[in-house]
Q: 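Pasting a structure below so you can have a look.
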Amino acid sequence: MKQSNCLTPTFLSSIIICAVCFFKPAFSQHFSRIDTIPVKKAGNWLKMPWLGGHNFCQFSDIDINLDGIKDLFVFDRTGNKITTYINKGTAGVVDYLDSTSKYAKKFPHLESWVLLRDYNCDGKADIFSYDAGGIKVWKNISSGGNLMFAPVSPNLQSTYCPGLLNLAITPTDIPTIDDIDGDGDLDILTYDGGGINMQYHINQSKESGHGCDSLTFHMDCTSCWGNYRASISGCNMVIGTCRIKNPNSSQQRDADEEPTDHAGNCSLCMDIDGDGDKDILLGQLGCDNMTLLTNGGDKTNANMTSMDDSFPSYNIPAMLSSFPCGYYLDLNNDNKRDLLVSPNAPNISVDNESIWYYLNTGTDNAPIFSRQTRSFLQNDMIDVGEGADPVFFDFDNDGLTDLLISNYKSAHDSVPPTLSYDILAFKNIGTSTSPKFDLVSSDYANTSIQLPSIMSKHLTFGDIDGDGDPDMFIGDYDGNLHYFKNTASTGQPCNFVLTTQGVKDNTGTLIDIGNYAAPQLIDADRDGDLDLIIGERSGNLNYYENIGNPAISSFKFITDSFGGVDVLKWNITGYSVPFMYDSAGSYRMIVGSEANRSYSYPMGWIWFFKNIDGNLAGKFSLVDSVYHNIWEGTRMILNGKDINNDGLMDLVIGNYTGGIALYMGDTTTTSVEELHEQTINFSIYPNPSTGEINIYIPELNRHDKLEINIYNSLGEIIEKQYITSINTKIEKHLPPGIYSCQVSTTAFSKTQKLAVFR
């Protein structure tokens, strides 16, 4: 047998134990999300390496920590993920700090698009977001240093000449919500159902004598706003003409008009020339350019008279594939709003360097834009494109744990985008107790050559040929596995060579689990050789027992419902990714999934199982489906190892926005921040419910006056009552559905999901 190359154990059994991963009991361990472990890229230390990535983003400013300075709110259409940044307020400097773990949870679940605007002139930004074919509003009710929002019901409506209807907007579009006519209340511009003409919904709040605190809209039916229309055949506009013929509908379209490819539109109003009226910057689905239309009319009668369809043509045009959209806010604290541009079409737009920052070198009411970077915020963090898939592994055999991150794909900025399928290698350049990472390769093991055009590579390591060093298996999106043999000499960095493209089972049949093969090599049955557990798109786990021996592996299919694990539940897809490990002599398993932030038990985010040993043919015990309440974005992928030699497992978590989060193992149960933060601990049982609903609040005496509000999926309050005892029974009969249960005082609140089934 060849001596150990990448690892140096004395016996083969210790190799297998290493592959299993042995830790202190995880059921008593806790984790702290940290961002203090340094990461270097291209010679520069990243400012926020473990933040979590960005893809297709929308931006708004809001005072999040209530210190009087506008902070930054980022909504990523990938998984409807919210990221928040605190603005330190340094004059003339872009100076943000990540505050997501503290503040993102204070926002309600939001979908498709989000714009924060102050509609009632109280100086606090409110929330406008897509909901059920229209616009949902949440009022900012923050007070006493606590950020809070309350839903405003029902969804916005507008009078459509005549006829009061929901103010219609698609989930793909992003409207303009701004004071268009200069009367002090917020109006709305959005395209009609054909994506051709701009509808103008005028806020009647001031006209009705309500000040600016009402949301009463009437559509201008005399013409389309701006006297222009989208070109049916191109990625620009036709000015001086309006094609509205049927003003009596929210789905306006000419009778002779064919459906267009402009199924998505975004708009941003600003005064580009300092004449006091609104000009408009436009983006379209299927187009890579942005078009600026200049208003030759006035505040009340907009008339677009000139066009720049390569805006800003005087600088570097925002040619950002595909569907670029603009956001106007002051980023560097100089009291002049700057421009951010990011694509708005998930999965088909560029996801690498996808946030372009244009500094305003003019004035706030006559801006001149100069591009500063194509990767605003992204250049401060680990961002591998779409689908970050991390694994801890000592790839250079120096005894320090390194980090490998593969992706689903990375779409680089070009027209059309060029795609790459990468494995990034971060070498640990720290010490055994204080890790630091440096990006040393973006094509680990030359997989772009050895395994070209293969997306979604999931890596696992273990000695399957009995030569004393770890080999590599890679699962891919098509559901297949590939075997890379480690050919390194003793004591040298691992050298993986593709040996088998398409691993077969013991019958000679290609192992193909469908889509998104996520394998783990581990001695599941503890017989001295490595077996295969494989997650997949459908959310179940496949188990292949190794019926060979440590030197000659032979994988036999046993089941596609290993342990009864199913992270799909009521989702369309599950994307199960297993991580089994040994905890003080007993196996435990953590399984990542696709689930969105809006889901709660029993849908699940991260699933934790025990009762595995001696029960491989049975059903594992589900301990928790929202493991440590961790949610880092859709399609979370976890891997664990003790990277600082404190005897506790640490977790690295990837998500589909392309970023990475790091959770270090600790022995505390409550953080200092949590000790001082006002909160409400309550539970709902049974959940899911078939009719009976109970609210349990163990520390009722800590709070003066508690109220529970139950909201349906439209944000409407369907039940409201005060809580006077530790156990409160909700008498109202709720129809099947998903509800939000909010327990609150005048100072703070907490919300949980409730599922009702019959």
Side-chain angles (χ1 to χ4, degrees), residues 79-80 105 107-112 114 127-139 141 148-157 164-171 215 250 539 566-574 593-605 622 625-626 629 631 634 680-697 706-744 749-758:
N80 300 315
K105 61 187 177 183
F107 290 84
H109 172 68
L110 304 168
E111 295 184 359
S112 300
V114 181
I127 302 172
F128 291 75
S129 183
Y130 172 80
D131 183 77
I135 301 175
K136 181 70 181 175
V137 179
W138 284 262
K139 183 179 179 181
I141 58 170
M148 295 186 294
F149 300 93
V152 178
S153 298
N155 284 10
L156 295 186
Q157 295 183 316
L164 188 64
L165 302 170
N166 277 345
L167 205 164
I169 185 169
T170 73
L215 294 165
S250 63
D566 178 12
V567 302
L568 178 66
K569 294 300 180 182
W570 296 279
N571 303 334
I572 297 175
T573 52
S593 72
E594 182 178 37
N596 198 295
R597 179 72 182 185
S598 62
Y599 303 147
S600 184
Y601 184 85
M603 281 77 164
W605 306 335
L622 175 61
S625 64
V626 287
N629 205 34
W631 190 83
T634 188
I680 301 172
N681 294 312
F682 74 97
S683 58
I684 307 169
Y685 67 94
N687 190 10
S689 170
T690 58
E692 179 184 358
I693 302 169
N694 300 277
I695 308 295
Y696 173 63
I697 304 180
L706 288 177
E707 182 181 75
I708 182 167
N709 294 306
I710 300 180
Y711 300 90
N712 62 16
S713 60
L714 300 178
E716 300 166 335
I717 297 179
I718 59 173
E719 178 64 8
K720 179 177 181 177
Q721 67 183 68
Y722 289 108
I723 297 173
T724 57
S725 63
I726 291 175
N727 284 287
T728 301
K729 185 175 181 179
I730 305 299
E731 301 291 345
K732 186 176 182 65
H733 183 78
L734 300 178
I738 304 297
Y739 299 86
S740 295
C741 299
Q742 180 188 65
V743 174
S744 61
S749 67
K750 187 173 182 179
T751 301
Q752 293 187 25
K753 292 291 183 181
L754 166 67
V756 176
F757 301 96
R758 294 283 187 261

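Since this is a predicted model, take the numbers as computed values, not measurements.
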Q: Using side-chain contact (heavy atoms from CB on, under 4.5 Å), reason through E707 and N709 one step at a time and then give a plain yes or no.
A: CA-CA 7 Å; E707 182 181 75; N709 294 306; 3.3 Å; yes
Q: Verify whether the ring centers belonging to Y739 and Y711 lie closer than 6.0 Å.
A: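 Here the rings of Y711 and Y739 have centres that are no less than 6.0 Å from each other.
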Q: Do L734 and I693 have side-chain heavy atoms sitting under 4.5 Å apart?
A: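 Result yes, sub-4.5 Å side-chain heavy-atom pair found.
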Q: Are the side chain of K732 and the backbone of I710 linked by a donor-acceptor contact shorter than 3.5 Å?
A: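 Checking the backbone N and O of I710 against the side chain of K732, no donor-acceptor pair under 3.5 Å is found.
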Q: Is there a side-chain contact (heavy atoms from CB on, under 4.5 Å) between I684 and I695 once you walk through the steps?
A: CA-CA 5 Å; I684 307 169; I695 308 295; 3.9 Å; yes
Q: For residues F128 and L110, determine if any side-chain heavy atom of one lies less than 4.5 Å from a side-chain heavy atom of the other.
A: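 A side-chain contact is absent here, since even the closest heavy-atom pair is not under 4.5 Å.
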Q: Could you walk me through whether I127 and V114 satisfy the side-chain contact (heavy atoms from CB on, under 4.5 Å) test, starting with their C-alpha distance in whole Å, then the side-chain angles of each, then the deciding distance to 0.1 Å, before giving a yes or no?
A: CA-CA 7 Å; I127 302 172; V114 181; 4.1 Å; yes
Q: So which heavy atom on G574 is nearest to which on V567, and how close?
A: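 Smallest heavy-atom distance, with atoms named: O-CG2, 3.8 Å.
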Q: Spell out, as yes or no, whether a donor-acceptor pair under 3.5 Å connects the side chain of S593 to the backbone of W605.
A: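 Answer holds: yes.
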Q: Compare all side-chain heavy atoms of K720 with those of I708 and state whether any distance is below 4.5 angstrom.
A: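 Sidechains of I708 and K720: no contact.
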Q: Of all heavy-atom pairs between G79 and W631, which one has the smallest distance, and what is that distance?
A: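 What the structure gives for the nearest pair is O-CH2, 3.7 Å.
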Q: Taking atom types as modelled, find out whether Q157 and N155 have a side-chain donor-acceptor pair closer than 3.5 angstrom.
A: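 Judged by distance alone, the side chains do not pair up.
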Q: Closer than 3.5 angstrom, by distance alone: can the side chain of D566 be matched with the main-chain N or O of L568 as a donor-acceptor pair?
A: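 Pair found, side chain donor or acceptor close to backbone of L568.
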Q: Looking at OG of S129 and CD1 of I135, how far apart are the two atoms once the value is rounded to the nearest 0.5 Å?
A: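 Output value for this atom pair is 9.5 Å.
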Q: Taking the side chain as every heavy atom from C-beta outward, state whether V137 and L215 have any pair of such atoms under 4.5 Å apart.
A: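 Side-chain contact under 4.5 Å: yes.
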Q: Mind checking what makes side chain to side chain donor-acceptor pair (under 3.5 Å) contact with T573, not counting sequence neighbours?
A: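 So T573 forms a side chain to side chain donor-acceptor pair (under 3.5 Å) with E594.
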Q: Is there a side-chain contact between P171 and E111 in this structure, where contact means two heavy atoms from C-beta onward sitting under 4.5 Å apart?
A: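 No - every pair of side-chain heavy atoms lies 4.5 Å or more apart.
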Q: One pair to check against side-chain contact (heavy atoms from CB on, under 4.5 Å): N80 and H109. What are the steps and the verdict?
A: CA-CA 8 Å; N80 300 315; H109 172 68; 4.2 Å; yes
